[in-house]
Amino acid sequence: MEGGWAGREVEQAASEAKERQRVDSAEEGGPREDLEEQRKRLCLDFASISNSGAAAAERYLAENGWDMQKALNSYFDPPPEQDVDGMPHPVPTTGAPVELTDHSATNTVAAAGICPQDDSTFSLITWNIDGLDSNNLQERARGVNISGNDLCLMTSHLESTKDHSEERLKQLKLVLAKMAEVPESSSVIFGGDTNLRDKEVAKIGGLPNSVLDIWEFLGKPEHCRYTWDTSQNSNLNARYKCKSRFDRLFFRGATAGGQIIPQNLDLIGLEKLDCGRFPSDHWGLFCNFDVIL
């Protein structure tokens, strides 16, 4: 998954940059690099790690006392007291929305799976995991048939961080447009790491009347509200405590024929593996559906 892999990469790169700073400034008997050169090097390191420009690098470093780790935390992460204002994912340099059916994209993937149980029920999982591994890319949209009911499954990974809210909303509108394009005789389920904040959804007037946020439809169960929670998930070794409902499931029912009804929702991936890490820095969503013919 993107956040877990990228978090470790950022932490390692920041540590290396900090070590270079320490050696340059404290080397005994050797020439001391002047302050201006040290800061130039820090800016270059910051820009390389964060994919940002020189101006952003200088601003974040200056605001954080030229401490590389603090500056990177400020750039990628939210302040500790905030719940949903940021996320430590690398910021892709492209500003274009990602086509949901573009199989070549490597920065927008979430795992989605469906498991029929019998003619009257089925379960679905959406989980942001291994997003940067190009060998694990899944199709963004897939059609299936459940007990004679056509069902379209969609997944995507929307833009992250608070600074990219505008682009994220453009992508959300694209998701909703793609859902609307599916024939009304089919049900549609979209699941993925949306990075959405509730205030952003409200900003566009909420979801269309025909589209449900499954968590809200089921009564906003508290036990599965947060899918990204650094107070419980230690994969990022984050020093702040932040929890957000980034991963979401949207549903549009068919207008005729059998109906698919969400029944309950749970989190998965809550137990550590033998290696001592969780499968992802996101929890997955596990949803059960009933099929009414």
Do N233 side-chain atoms and S280 backbone N/O form a donor-acceptor pair below 3.5 Å?
-> yes
Residues passing the side-chain contact (heavy atoms from CB on, under 4.5 Å) test with Q232, sequence neighbours excluded, are D229, W283
Sequence neighbours excluded, every pair satisfying side chain to side chain donor-acceptor pair (under 3.5 Å) that has a member inside residues 200-213 = S165-E200, R168-E200, D213-R245
Which residues satisfy the side-chain contact (heavy atoms from CB on, under 4.5 Å) test with E181, sequence neighbours excluded?
-> K178
Test side-chain contact (heavy atoms from CB on, under 4.5 Å) applied to K40 - qualifying residues, sequence neighbours left out | E36, E37
Determine which pairs satisfy ring-ring contact (aromatic ring centres under 6.0 Å, His included) with at least one residue from residues 249-269, sequence neighbours left out, and list them in order.
-> F190-F250
Go through the structure and list residues passing salt bridge (charged side-chain N to carboxylate O under 4.0 Å, His left out) with R59, not counting sequence neighbours.
-> E63
Is the side chain of R39 donor-acceptor paired with the backbone N or O of D34 at a distance under 3.5 Å, no angle test?
-> no
Donor-acceptor contact present, side-chain S187 to main-chain L151, <3.5 Å = no
Okay, side chain of R248, backbone of T194: is any donor-acceptor separation there less than 3.5 Å?
-> no
Under the side-chain hydrogen bond (donor to acceptor under 3.5 Å, both in side chains) test, which residues partner S185, sequence neighbours left out?
-> none
Should we say atom CD of Q263 is surrounded by more than 12 heavy atoms from elsewhere, each under 6.0 Å from it?
-> yes
Atom pair CG (L169) and CG (L196), whose distance is rounded to the nearest 0.5 Å | 7.0 Å
Sub-4.5 Å side-chain heavy-atom contact between R41 and Q38 = no
Results of side-chain hydrogen bond (donor to acceptor under 3.5 Å, both in side chains) for D247 - residues two or more places apart only | T227, H282
How would you list, by chain and number, every residue that makes a side-chain contact (heavy atoms from CB on, under 4.5 Å) with S234, sequence neighbours excluded?
-> K272, F278
Separation of T126 OG1 from F286 CZ (nearest 0.5 Å) | 13.0 Å
With sequence neighbours excluded, give me every side chain to side chain donor-acceptor pair (under 3.5 Å) pair touching residues 214-224.
-> E222-R225, H223-D266
Hey, what do you get for CG (D193) to NE2 (H157), rounding to the nearest 0.5 Å?
-> 3.5 Å
